[in-house]
Amino acid sequence: MLFMRPFREGDSFPEINPDPKNGLYFIALDGEKLIGFGRWKMTLDGIRIEEIEDGGDPEVFDGLLRGILNMAMEQGIDRAAFSGKIRPDRLATSMVPVDKENGLKSISYFLENYKKCKMF
């Protein structure tokens with residue numbers, strides 16, 4: 001069964017470097033097997049999503065992205081930026097309305113108005 005959650009102290013996956021300087025992680029698991037992860041950092045005006053590894057599955061990408069954005073929104077953060085490592089085609093498939101600076105101006109608006117409405 002697919003399960004997504006924040007990386008926790010005590011988790012051990014060779015693909016992930018849990019050094020806080022590198023960012024925080026949100027992970028996707030199939031049972032106990034890591035199938036994807038997203039790495040993000042806090043910034044002065046929001047968060048920056050550094051990378052999302054989805055194992056080739058756009059649904060895993062969408063779940064990881066929405067999980068990270070939801071965590072940020074719960075902390076009162078409403079702006080996200082995407083690094084150059086984030087695939088533009090995945091952002092388009094997830095219907096993320098990125099601006100000229102490769103950012104998302106309102107996390108809350110996106111999560112409320114851009115629901116997953118079709119199968120990939």
Side-chain angles (χ1 to χ4, degrees):
M1 172 160 50
L2 182 63
F3 183 66
M4 295 189 185
R5 64 170 173 80
F7 183 86
R8 299 182 197 143
E9 188 175 326
D11 284 341
S12 178
F13 302 103
E15 300 92 333
I16 294 177
N17 177 4
D19 183 348
K21 293 184 301 194
N22 292 327
L24 304 170
Y25 288 88
F26 196 80
I27 60 176
L29 302 166
D30 184 2
E32 294 184 19
K33 180 183 177 195
L34 182 71
I35 61 169
F37 64 88
R39 182 172 56 89
W40 58 283
K41 294 180 178 181
M42 301 288 282
T43 65
L44 293 175
D45 63 346
I47 64 167
R48 178 176 167 87
I49 300 177
E50 298 291 339
E51 67 179 313
I52 296 180
E53 293 295 331
D54 60 22
D57 188 337
E59 289 190 49
V60 171
F61 177 92
D62 189 71
L64 290 166
L65 173 67
R66 290 173 187 274
I68 292 168
L69 294 175
N70 188 62
M71 286 178 45
M73 191 176 75
E74 287 176 355
Q75 296 177 37
I77 297 167
D78 200 41
R79 176 147 173 73
F82 302 99
S83 79
K85 290 183 178 181
I86 305 299
R87 292 176 47 181
D89 62 319
R90 288 288 201 252
L91 291 170
T93 299
S94 291
M95 300 181 299
V96 179
V98 294
D99 61 20
K100 292 182 268 185
E101 291 85 35
N102 203 32
L104 177 60
K105 289 188 180 185
S106 177
I107 293 171
S108 58
Y109 183 83
F110 170 71
L111 291 176
E112 290 171 19
N113 294 288
Y114 290 84
K115 310 278 188 212
K116 183 178 163 190
C117 59
K118 63 178 184 162
M119 293 302 291
F120 295 110

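All of these numbers come straight from a predicted model, not from anything done at the bench.
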**Report entry** Worked verdict on Met71 versus Trp40 for side-chain contact (heavy atoms from CB on, under 4.5 Å)
**Finding:** CA-CA 11 Å; Met71 286 178 45; Trp40 58 283; 3.6 Å; yes
**Report entry** Atom pair CZ (Phe37) and CD (Glu53), whose distance is rounded to the nearest 0.5 Å
**Finding:** 4.5 Å
Query - Minimum heavy-atom distance Asp62-Ser94, with the two atoms named - result: OD1-OG, 2.8 Å
**Report entry** Spatial distance of atom CE (Met73) from atom CD1 (Ile68) [nearest 0.5 Å]
**Finding:** 14.0 Å
**Report entry** Joint cluster assignment, Leu65 & Leu24, ILVMFWY side-chain distance < 4.5 Å
**Finding:** yes
Query - Closest contact, heavy atoms only, Arg66 versus Phe110 - result: NH2-CZ, 3.6 Å
Query raised in the report: When you look at Arg87 and Glu51, which way does the side-chain contact (heavy atoms from CB on, under 4.5 Å) test go after all the steps?
Result: CA-CA 9 Å; Arg87 292 176 47 181; Glu51 67 179 313; over 6 Å; no
Query - Within-4.5 Å side-chain heavy-atom neighbours: Arg39 and Lys85 - result: yes
Requested in this report: Report yes or no: do Leu64 and Ile77 belong to one cluster of Ile/Leu/Val/Met/Phe/Trp/Tyr joined by side chain heavy-atom distances under 4.5 Å?
Outcome: yes
Query raised in the report: Does Leu69 share a hydrophobic cluster with Phe3, counting links as ILVMFWY side-chain heavy atoms below 4.5 Å and allowing steps through other members?
Result: no
Requested in this report: Answer with yes or no whether the hydrophobic clustering places Ile27 together with Ile35; edges join I, L, V, M, F, W, Y residues whose side-chain heavy atoms lie under 4.5 Å apart.
Outcome: no
**Report entry** Tyr25-Val60 co-clustered via ILVMFWY side chain contacts under 4.5 Å
**Finding:** no
Report task. Salt-bridge test for Arg90 and Asp57: reply yes if a basic N is under 4.0 Å from a carboxylate O, no otherwise. Result -> no
**Report entry** Stepwise side-chain contact (heavy atoms from CB on, under 4.5 Å) test for Phe13 and Phe7
**Finding:** CA-CA 10 Å; Phe13 302 103; Phe7 183 86; 3.9 Å; yes
Query raised in the report: When you look at CD of Glu32, are more than 12 heavy atoms from neighbouring residues, nucleotides or ligands closer to it than 6.0 Å?
Result: no
Query - Residue that, paired with Ile16, satisfies side-chain contact (heavy atoms from CB on, under 4.5 Å) out of Leu34, Asp11, Asn22 - result: Leu34
